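Below: the structure, in structure tokens.
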Amino acid sequence: MKSLLSRSFTFALLAFFISCTGSTQKLATESTGGESIFPGWYNSTGFSSDSLSFSGFGVAIGVDSTDAIERAELEAENQLGFQLSKLAEDIRVQLESENVTAASNVDFILLLRNATSSLKSFSETTNQYTLSPNNNFRAIAEVSITRHKAHQLFENAFNGHPRYWAAFSQSNQYQKTILK
């Protein structure tokens with residue numbers, strides 16, 4: 001009886017592994033085949049940067065193509081804002097580790113955290129793509145901001161606080177990360 005249970009368990013385990021391998025191969029074929037829904041400019045990490053700009057990417061489903069595009073653009077803008085905020089926070093933490101006292105000031109932190117609230121007026125939709133498989137509308141969007149406009153975005157955030165702006169913008173980390 002014990003031998004029969006052991007064999008049954010072994011066969012069940014073997015069947016499970018075979019079914020997992022088969023579905024993984026199918027998924028890989030679908031995602032790497034010519035039927036991919038993602039255009040070449042799309043970045044699956046949600047964010048990219050190069051020597052000229054920063055970009056956020058979004059994917060959305062909507063009741064119509066306009067709704068899907070609006071949602072994808074909003075998602076891309078949110079990704080871009082999140083990543084720019086993260087880059088800015090990394091710069092602030094670096095300043096703090098270099099004993100720049102302004103970087104640990106509550107006002108400095110609040111100004112920096114609110115910096116991306118006006119991102120929409122500095123960024124633009126640079127790519128969008130829609131498709132409608134199975135009567136659903138899917139949209140993919142890219143929202144970008146040039147490095148120069150990102151600099152202006154942060155400068156505007158520190159408006160009225162020249163000492164904080166100087167500490168932030170003149171740091172080596174800011175120069176390497178935002179201005180490059």
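Because only heavy atoms are used, hydrogens play no part in the values below, and waters and symmetry mates are left out as well, while side chains stay in. Computed from a predicted structure; not experimentally measured.
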Contacts table for residues 107-119: side-chain donor-acceptor under 3.5 angstrom, sequence neighbours left out:
| from | atom 1 | to | atom 2 | distance (Å) |
| --- | --- | --- | --- | --- |
| Asn114 | ND2 | Leu110 | O | 3.1 |
| Thr116 | OG1 | Ser85 | OG | 3.2 |
| Ser117 | OG | Asn114 | O | 2.8 |

Item to check | Flag side-chain contact, heavy atom, 4.5 Å: Pro39 against Asn127 | outcome: no

Item to check | Under 3.5 Å: donor-acceptor pair, side chain of Arg92, backbone of Ala103 | outcome: yes

Item to check | Spacing of Asp90 atom CG and Leu95 atom CG [to the nearest 0.5 Å] | outcome: 11.0 Å

Item to check | Atom pair CD (Glu142) and CD (Gln79), whose distance is rounded to the nearest 0.5 Å | outcome: 12.5 Å

Checklist entry - Salt-bridged, Glu89 to Lys86, with N to O below 4.0 Å? => result no

Checklist entry - What's the spacing between Ser51 OG and Arg147 CZ if we round to 0.5 Å? => result 7.0 Å

Item to check | Validation row: Leu80, Ser123 side chains within 4.5 angstrom (heavy atoms) | outcome: yes

Item to check | Contacts of type salt bridge (Lys or Arg N to Asp or Glu O under 4.0 Å), residue Glu75, not counting sequence neighbours | outcome: none

Item to check | ring pair (Phe, Tyr, Trp, His ring centres under 6.0 Å) partners for Tyr42, two or more places apart | outcome: Phe38, Phe57

Please list, one pair per line, the donor and acceptor atoms closer than 3.5 Å that link side chains of residues 173-180 to other protein atoms, with sequence neighbours excluded.
| from | atom 1 | to | atom 2 | distance (Å) |
| --- | --- | --- | --- | --- |
| Tyr174 | OH | His151 | ND1 | 2.8 |
| Gln175 | NE2 | Ser169 | O | 2.6 |
| Thr177 | OG1 | Gln173 | O | 2.8 |

Checklist outcome for this item: Note: Ala76 and Ala141 closest approach over all heavy atoms is CB-O, 3.7 Å

Next on the checklist: For the CZ atom of Phe54 and the OG atom of Ser49, what is their distance to the nearest 0.5 Å?
Outcome noted: 5.5 Å

Side-chain donor-acceptor pairs under 3.5 Å in residues 61-69, sequence neighbours left out?
| from | atom 1 | to | atom 2 | distance (Å) |
| --- | --- | --- | --- | --- |
| Asp64 | OD1 | Thr66 | N | 3.1 |
| Asp64 | OD1 | Asp67 | N | 2.7 |
| Asp67 | OD1 | Arg71 | NE | 3.1 |
| Asp67 | OD2 | Val63 | N | 3.2 |
| Asp67 | OD2 | Arg71 | NE | 3.1 |

Could you list the donor-acceptor pairs under 3.5 angstrom formed by side chains in residues 152-168, with sequence neighbours left out?
| from | atom 1 | to | atom 2 | distance (Å) |
| --- | --- | --- | --- | --- |
| Gln152 | NE2 | His148 | NE2 | 3.3 |
| Tyr164 | OH | Asn105 | OD1 | 3.3 |
| Tyr164 | OH | Asn105 | ND2 | 3.0 |

